[in-house]
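A short worksheet on the structure shown next.
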Amino acid sequence: GALFFQNLFTSEPQEARFFHPLWLVLGWLSAATAIPSIDIFEISRIIAGFFFLFWLGKICSRLFSEKLWALIAFVLVAFSSGVGAFFIPPGRHLFIGEEIGTKLSVDLWQPEMAIFSTLMHSVLFIGSQALLLGIFFLWIRWERDQRRSIFIALLLMSLALSSIHPYDAVIVGAVLG
């Protein structure tokens, strides 16, 4: 729950200089409720996962007029995890002696590459993807029905996304700009 934090995954001496509102709020929530921070982390990941699946369902329903196709698209996206494992030679141990990022398929080492692994990884990753889906869905609604409440929701979601995953703002700007 400190305002600034340090990178605990380095041996370099350092001061706490990093600011991240998501981790700050989760730390404050842990301190206020006396729930261990790891439990807050997991609970927030599950909640963000539900929001992601909610927005995914909304978008699938919007893209497909038939409910069966919307359901098929929803299931395919929700359980996607890439095909990299099919290209590992038999008997070869994954990650032993490999140069990650140059010889392995990206879905084997980058959790954000596939939705299913993202759902299992971190509130940061799935939360930012949930915000992206929500922003895109609400933008489509706002273009049709320019109500102030939709605009305010878009603004708040965009601010939240920009504060926790700033480079996703570039994605939003490129798609909607």
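A search for side chain to side chain contact (heavy atoms under 4.5 Å, CB included) contacts involving Ala78 returns Leu53, Leu56, not counting sequence neighbours. Considering only residues two or more places apart in sequence or on other chains, Val175 meets the side chain to side chain contact (heavy atoms under 4.5 Å, CB included) condition with Phe136, Ile171. Under the rule for a side chain to side chain donor-acceptor pair (under 3.5 Å), the partners of Glu42 that lie at least two apart in sequence or sit in another chain are Arg45. With sequence neighbours excluded, the residues that form a ring pair (Phe, Tyr, Trp, His ring centres under 6.0 Å) with Phe79 are Phe116. In this structure, Gln146 has no side chain to side chain donor-acceptor pair (under 3.5 Å) partners at least two apart in sequence or on a different chain.
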Can you give me every donor-acceptor pair (side chain of residues 65-74, partner residue at least two apart or in another chain, under 3.5 Å) with its distance?
none

Donor-acceptor contacts under 3.5 Å from residues 117-126 side chains, at least two apart:
residue: Ser117; atom: OG; partner: Pro111; partner atom: O; Å: 2.8
residue: Ser117; atom: OG; partner: Ala114; partner atom: O; Å: 3.1
residue: Thr118; atom: OG1; partner: Pro111; partner atom: O; Å: 2.8
residue: Thr118; atom: OG1; partner: Ala114; partner atom: O; Å: 2.7
residue: Ser122; atom: OG; partner: Leu124; partner atom: N; Å: 3.1

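The shortest non-hydrogen separation linking Ser37 to Ser30 is N-OG, 3.4 Å. Nearest heavy atom pair, residue Ser162 against residue Ala169, reads OG-CB, 3.8 Å. Closest approach of Leu24 to Phe19, counting heavy atoms only: CD2-CE1, 3.8 Å. The nearest pair of heavy atoms linking Leu138 to Met157 is CD1-SD, 3.5 Å.
Annotation for Leu159: hydrophobic cluster partners, listed by chain and number, are Leu155 (ILVMFWY side-chain heavy atoms under 4.5 Å, direct or chained). Hydrophobic side-chain contacts under 4.5 Å tie Ile152 into a cluster, directly or through other members, with Leu156.
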Show your reasoning for whether side chain to side chain contact (heavy atoms under 4.5 Å, CB included) applies to Leu29 and Ile35. CA-CA 8 Å; Leu29 189 59; Ile35 298 173; over 6 Å; no
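Cluster annotation: Ile46 is not connected to Val25 through the hydrophobic network of ILVMFWY side chains, with a link wherever side-chain heavy atoms come within less than 4.5 Å. One hydrophobic cluster, built from ILVMFWY side chains closer than 4.5 Å, holds both Ile38 and Leu26.
Listed by first and then second residue, the ring-ring contact (aromatic ring centres under 6.0 Å, His included) pairs involving residues 34-67 are Trp55-Phe137 (not counting sequence neighbours). Within the structure, every pair that satisfies the side-chain hydrogen bond (donor to acceptor under 3.5 Å, both in side chains) test and touches residues 123-144, not counting sequence neighbours, is listed here: Ser128-His165, Trp139-Glu143. Here salt bridge (Lys or Arg N to Asp or Glu O under 4.0 Å) pairs that include residues 145-165, with residues two or more places apart or in two chains, are Asp145-Arg147.
Ile140 places none of its side-chain heavy atoms less than 4.5 Å from the side chain of Ile59.
Rounded to the nearest 0.5 Å, atoms OG1 (Thr33) and CD1 (Ile43) are 8.0 Å apart. In this structure, the separation between CG on Leu22 and OG on Ser163 is 8.0 Å, given to the nearest 0.5 Å.
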